[in-house]
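Notes to accompany the following structure.
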Amino acid sequence: MAKQVEKPEWARIAEAFEASGQTQREFASARGVKLSTLQSWVYRSRRAAPTRAEPVRLLPVQVASAPVVASESVLEVVAASGARVRFAVGTDVAYVARLVAALGR
């Protein structure tokens with residue numbers, strides 16, 4: 001019969017799983033714990049964790065007149081450093097924001 005594992009220990013096990021790089025099934029098998037119990041504690045751990053999203057930083061925008069209409073719609077962002085990023089209309093806004101933030105570092 002397996003020994004009873006307490007809540008603090010399950011929290012450590014869930015944390016170890018997150019750092020392991022293994023699937024839940026592989027981790028549970030290697031540790032000798034029940035898969036469904038591991039899944040439950042990983043779920044609880046993820047819900048309790050604070051959101052890791054970076055805060056949104058708004059930047060000033062200057063609207064310029066559009067040049068001659070091109071065959072493809074392209075937008076441009078000019079970072080404070082002067083770096084220009086051009087991207088097609090419909091590009092994932094979160095991706096562009098991360099790219100501009102990285103350029104600003």
Side-chain angles (χ1 to χ4, degrees):
M1 175 176 263
K3 78 171 194 170
Q4 185 72 22
V5 179
E6 300 296 323
K7 286 183 181 183
E9 181 62 19
W10 274 113
R12 285 190 290 277
I13 291 171
E15 187 178 318
F17 161 72
E18 295 288 7
S20 74
Q22 295 176 305
T23 65
Q24 290 179 347
R25 186 175 308 281
E26 292 168 343
F27 186 86
S29 177
R31 289 285 184 111
V33 296
K34 192 172 175 184
L35 176 60
S36 61
T37 305
L38 173 65
Q39 290 170 329
S40 173
W41 281 99
V42 167
Y43 173 78
R44 291 179 197 187
S45 173
R46 288 177 180 171
R47 286 199 43 148
T51 307
R52 295 184 188 111
E54 292 183 28
V56 174
R57 199 178 74 191
L58 300 177
L59 302 172
V61 174
Q62 180 181 1
V63 178
S65 61
V68 178
V69 177
S71 61
E72 183 179 331
S73 296
V74 177
L75 299 175
E76 181 178 90
V77 173
V78 181
S81 65
R84 294 175 185 270
V85 178
R86 291 187 179 130
F87 53 95
V89 171
T91 301
D92 180 31
V93 176
Y95 168 75
V96 175
R98 287 192 308 272
L99 184 58
V100 170
L103 288 171
R105 289 184 191 148

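Values reported hereafter were calculated over all heavy atoms of this structure, with side chains retained and with hydrogens, waters and symmetry mates removed. Because the structure is predicted, anything quoted here is derived from the model rather than measured.
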Q. Are W41 and V33 linked, directly or through other ILVMFWY residues, by side chains that come within less than 4.5 angstrom of each other?
A. yes

Q) Quick one: salt bridge (charged side-chain N to carboxylate O under 4.0 Å, His left out) pairs with a partner in residues 30-41, sequence neighbours left out? A) none

Q) Say you draw a straight line from OG of S20 to CD1 of I13; how long is it, rounded to the nearest 0.5 Å? A) 12.0 Å

Q: Kindly give the heavy-atom pair with the smallest separation between L35 and A28, and that separation in Å.
A: CA-CB, 3.9 Å

Q | Check against side-chain contact (heavy atoms from CB on, under 4.5 Å), Y95 and R98 | A | CA-CA 5 Å; Y95 168 75; R98 287 192 308 272; 4.0 Å; yes

Q) When you look at CZ of R25, are more than 12 heavy atoms from neighbouring residues, nucleotides or ligands closer to it than 6.0 Å? A) no

**Q.** Minimal non-hydrogen separation, V89 against L75, with atom names
**A.** CG2-CG, 4.0 Å

Q: Specify the closest pair of heavy atoms between R84 and V78, including all atoms of both residues, with the distance to one decimal.
A: NH1-CG2, 3.5 Å

Q.
Between E26 (side chain only) and T23 (backbone N and O only), is there a donor and an acceptor less than 3.5 Å apart?
A. yes

Q: May I ask you to say whether E15 pairs ionically with R12, meaning some side-chain N is under 4.0 Å from a carboxylate O?
A: no

Q: Taking all non-hydrogen atoms of both residues into account, name the closest pair between F87 and V77 and its distance.
A: CE2-CG2, 3.5 Å

**Q.** Approximate separation, where rounding is to 0.5 Å, of Q39 CD and F27 CZ
**A.** 12.5 Å

Q. If every non-hydrogen atom of V42 is compared with every non-hydrogen atom of E18, which pair is closest and at what distance?
A. CG1-OE2, 3.5 Å

